[in-house]
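Contents: one structure, followed by commentary.
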Number of protein chains: 4
Amino acid sequence: MKFVGKEARKAEKRERILRSATKIFARKGFYNAKISEIAREAGVADGTIYLYFKNKDEILITIFEESVGAIIRRFRKRLQEIPDPADQVREFSRLHLEIVKTNPDLASVLQLELRQSNRFIKEYAGTSLNDYLNLIGDIIQNGQKANVFREDVHPGIAKRMLFGALDEISTLYVLLKDRSFDFQRSAAQIASIFLYGIAKDEYRNS
Amino acid sequence: MKFVGKEARKAEKRERILRSATKIFARKGFYNAKISEIAREAGVADGTIYLYFKNKDEILITIFEESVGAIIRRFRKRLQEIPDPADQVREFSRLHLEIVKTNPDLASVLQLELRQSNRFIKEYAGTSLNDYLNLIGDIIQNGQKANVFREDVHPGIAKRMLFGALDEISTLYVLLKDRSFDFQRSAAQIASIFLYGIAKDEYRNS
Amino acid sequence: MKFVGKEARKAEKRERILRSATKIFARKGFYNAKISEIAREAGVADGTIYLYFKNKDEILITIFEESVGAIIRRFRKRLQEIPDPADQVREFSRLHLEIVKTNPDLASVLQLELRQSNRFIKEYAGTSLNDYLNLIGDIIQNGQKANVFREDVHPGIAKRMLFGALDEISTLYVLLKDRSFDFQRSAAQIASIFLYGIAKDEYRNS
Amino acid sequence: MKFVGKEARKAEKRERILRSATKIFARKGFYNAKISEIAREAGVADGTIYLYFKNKDEILITIFEESVGAIIRRFRKRLQEIPDPADQVREFSRLHLEIVKTNPDLASVLQLELRQSNRFIKEYAGTSLNDYLNLIGDIIQNGQKANVFREDVHPGIAKRMLFGALDEISTLYVLLKDRSFDFQRSAAQIASIFLYGIAKDEYRNS
DNA sequence: AATGAATGAGCGTTCATTCAT
DNA sequence: AATGAATGAACGCTCATTCAT
């Protein structure tokens with residue numbers, strides 16, 4: 001028999017609020033999402049939300065920090081298991097789009113809502129997003145050290161390039177909500193073009 | 001001596017409102033931009049804005065339609081003068097980032113606000129953005145017909161990939177407002193990686 | 001050939017504005033009627049209206065004063081031609097409803113819009129409306145002097161009673177806009193009941 | 001000691017808002033009454049009003065429906081206790097003017113505002129006002145069945161006639177705010193004239 | 001005289017946040 | 001801890017009125 005303590009119940013309620021907020025933010029957009037609607041969706045009273053979060057902004061920030069944090073940890077773990085930088089790029093692309101497909105609401109919020117306020121991006125999202133970008137940056141630098149990626153490729157540009165490409169495809173999916181969209185193929189294609197683009201000539205068909 | 005008629009003065013005021021709105025939207029975001037602030041910035045009364053635009057939404061929509069429309073026309077004209085698809089990609093990338101650097105406020109609005117509301121994107125920005133994306137799509141298809149670009153590259157993915165890459169770099173610039181940003185170099189790098197990525201082996205160093 | 005002087009043209013424009021205002025007030029109600037709409041209907045510019053009337057209120061007041069004034073003059077003239085007080089009551093009722101039928105817009109304004117502000121009724125309508133009511137009051141007093149109407153009838157109450165009755169029927173017509181409404185019959189019925197009510201027993205079937 | 005539950009306190013607040021609105025509407029007219037003024041008068045915040053009513057229109061509509069509804073119930077009950085149709089007319093007239101004197105603000109709103117907007121009258125007040133008018137209509141028809149009222153009297157006209165007469169006297173009172181107004185005498189006079197007007201000859205002095 | 005573009009005060013309504021229970 | 005009724009600041013928009021042309 002499972003014993004659920006006070007702490008666990010609190011944590012569970014907090015999660016429920018975050019999940020509901022993500023859903024509503026995705027559906028309506030941050031500014032059109034109403035606290036009362038999030039509360040209703042989460043099955044709590046309006047006031048209860050303020051026992052867990054300072055204000056509406058903080059809900060969005062929390063969604064960002066916690067989910068991107070978790071995603072980064074997951075990516076790091078997965079990438080460690082892959083020795084080849086090119087394979088890492090392929091896996092990164094695959095994982096990125098897989099997460100978008102598996103968590104469309106979260107993706108929608110990260111894609112669309114987070115961009116809307118400079119403040120969010122500058123003050124909060126900055127670090128986490130940078131950490132995420134650096135996952136790619138590190139792969140590229142490793143590939144350059146291993147002499148498989150072109151040396152004239154600037155990792156700071158290239159990492160944004162791959163991210164931007166994946167992000168753009170994700171946006172397409174988020175907006176169209178086309179469930180038949182073939183992520184595997186898209187991820188493979190993006191990784192292929194990107195790798196062709198940054199690989200040294202002699203490693204092009206690896 | 002310049003003779004300014006009634007029509008011209010009206011058009012000039014309309015432009016001033018759009019410019020002010022773009023600036024305020026860029027600075028604060030659409031939802032935090034106040035009509036009264038836009039009016040003050042434009043040097044008109046609040047009510048005057050409603051002589052030119054139906055409501056706040058329509059100001060944003062007009063900014064999209066008119067500026068993206070103008071940009072597309074400019075791009076089309078420029079690209080016609082360039083015969084080589086690879087050069088077209090290079091020029092497209094350069095132009096895109098040049099516009100971002102020359103019109104940071106407009107870029108900011110197109111980058112950030114455009115994404116914010118499904119409604120805007122789907123109903124209004126959709127077509128213009130699609131037209132813009134198709135500029136790239138056409139280049140790619142021409143390159144494929146001319147046998148210089150890989151046939152296994154899906155233009156629908158690739159066009160979004162280049163756009164996403166440029167967009168991401170633009171976001172970086174818009175957010176950092178780093179005036180020393182070398183967009184010529186960034187454009188060249190992005191174009192290089194992208195072209196290496198989609199070019200047939202025999203044309204890699206063209 | 002008719003020669004239309006400056007004065008005549010001004011007067012004509014003034015009339016046109018009043019006619020348009022009456023129509024719009026009737027259709028939309030005073031508060032929902034827009035000056036620009038009245039101007040459009042009258043075929044003049046918004047500002048022109050202010051050359052003829054101090055403000056929106058004054059248009060309504062003018063409609064009231066001028067039209068009720070004209071109506072009172074017309075009634076006086078007509079009633080003078082009728083010797084019998086009972087016949088005067090019948091003619092008054094007939095004329096009242098005839099005017100409502102002939103000028104539905106004016107009737108609508110007098111019925112509905114003028115009531116909406118105490119200020120109008122107290123400050124402006126007071127005198128004219130009183131003059132109108134006194135037309136009935138005088139008939140009743142004449143009838144009492146001529147010994148055909150009951151002496152215990154209070155003219156101040158009775159005059160309001162007949163007016164209220166006619167007014168109520170007019171409201172019904174104004175609201176329903178039932179063009180098939182039989183005014184002659186209604187007027188006859190109201191006059192009949194009223195006369196039966198105030199006539200001395202010996203004159204009941206006069 | 002009175003125990004006041006949550007429901008009761010809410011109902012009390014709702015009543016307070018309606019009472020305040022009635023007072024302000026009576027004093028200023030619907031369009032000149034400000035929500036903030038109603039709120040201040042009721043001792044609540046502006047926003048609180050919207051917890052109880054959808055919008056300003058609905059406050060007016062509610063006043064109509066609830067008060068006219070209550071009045072009609074009160075009249076029905078009272079009239080049932082009176083067997084003679086002529087006495088019913090007398091009591092109806094007395095009650096009508098008594099209510100006007102006891103609730104001058106409500107009377108003012110019903111008198112003046114009710115008339116102001118076709119929309120209100122047609123959509124909302126229509127039914128209630130009709131029910132009220134039919135109280136008189138039923139009395140008249142009963143009197144005709146009982147052979148005490150003239151058969152050539154059209155109940156549809158006659159009911160409006162009595163109502164119009166009472167209404168007009170009420171308007172006089174509402175506008176003058178003459179507290180010394182003898183509504184008993186006025187009611188008696190109106191009922192007398194009306195009854196003389198519709199009674200069969202043989203029942204004139206009943 | 002006539003115009004109609006411009007003005008800006010004013011108000012209904014929303015909704016994040018608070019706090020008494 | 002949880003509630004949800006109450007708050008009130010904030011803002012988009014309207015429209016009577018003005019005034020430069």
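Order of the sequence lines fixes the chain letters, A, B, ..., with proteins taken first and strands second; residue numbering starts at 1 for each chain.
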Short side-chain N/O contact from C:Lys13 to OP1 or OP2 of E:dA2, under 4.0 Å | yes
Using modelled atom types only, decide if a donor and an acceptor are shared between the side chain of D:Lys56 and the backbone of D:Phe30 within a distance under 3.5 Å.
-> yes
Is B:Lys56 near enough to F:dC11 that one of its side-chain N or O atoms lies under 4.0 angstrom from OP1 or OP2?
-> no
Give the rounded distance in Å between these two atoms: CD of C:Glu37 and P of F:dT14.
-> 14 Å
Toward the 5' end of DNA chain E, which comes first, A:Ser36 or C:Lys10, by nearest nucleotide?
-> C:Lys10
D:Tyr52 vs F:dA5: side-chain N/O to OP1/OP2 distance below 4.0 Å | no
Nearest heavy-atom approach of A:Ser20 to A:Ile38 is CB-O, 3.7 Å
Taking CD1 from C:Ile38 and P from E:dG4, how many angstroms apart are they, rounded to a whole number?
-> 17 Å
To the nearest Å, give me how far apart CZ (A:Phe53) and C1' (E:dA16) are.
-> 16 Å
Over how many whole Å does the gap from A:Ile35 atom CD1 to F:dG4 atom P extend?
-> 16 Å
Test side-chain contact (heavy atoms from CB on, under 4.5 Å), reference B:Leu110, set B:Val68, B:Thr22, B:Asp105, output is B:Val68
What does F:dC19 pair with, Watson-Crick or G-U, if both distances are under 3.5 Å?
-> E:dG4
Taken to the nearest whole Å, CD/D:Glu12 to P/F:dA6 is 11 Å
Please assess B:Tyr31 against A:Asn32 for the test side-chain hydrogen bond (donor to acceptor under 3.5 Å, both in side chains), listing each intermediate value before the final yes or no.
-> CA-CA 10 Å; B:Tyr31 281 98; A:Asn32 294 315; 2.9 Å; yes
Locate the shortest heavy-atom distance separating A:Glu58 from A:Phe53; write the atom from each residue and the value.
-> OE1-CA, 3.9 Å
Spacing of C:Tyr31 atom OH relative to E:dG10 atom P, expressed in whole Å = 15 Å
Who does E:dG10 pair with, Watson-Crick or G-U, both distances under 3.5 Å?
-> F:dC13
Candidates A:Lys10, A:Arg16, A:Arg14 - the one meeting salt bridge (charged side-chain N to carboxylate O under 4.0 Å, His left out) with A:Glu12 = A:Arg16
So which heavy atom on D:Ala33 is nearest to which on D:Lys28, and how close?
-> N-CB, 4.1 Å
Which whole-number value in Å describes the distance from D:Arg40 CZ to F:dG8 P?
-> 13 Å
Which part of the nucleic acid, if any, lies within contact of D:Ala39, taking any heavy atom under 4.0 Å across all strands shown: a base, the sugar-phosphate backbone alone, or nothing?
-> nothing
When rounded to whole Å, the NZ to C1' distance for the pair C:Lys34 and F:dC13 reads 12 Å
Go through residues 43-51 of chain B and report each residue with a non-hydrogen atom lying under 4.0 Å from DNA chain E, sorted by number.
-> B:Val44, B:Ala45, B:Gly47, B:Thr48, B:Leu51
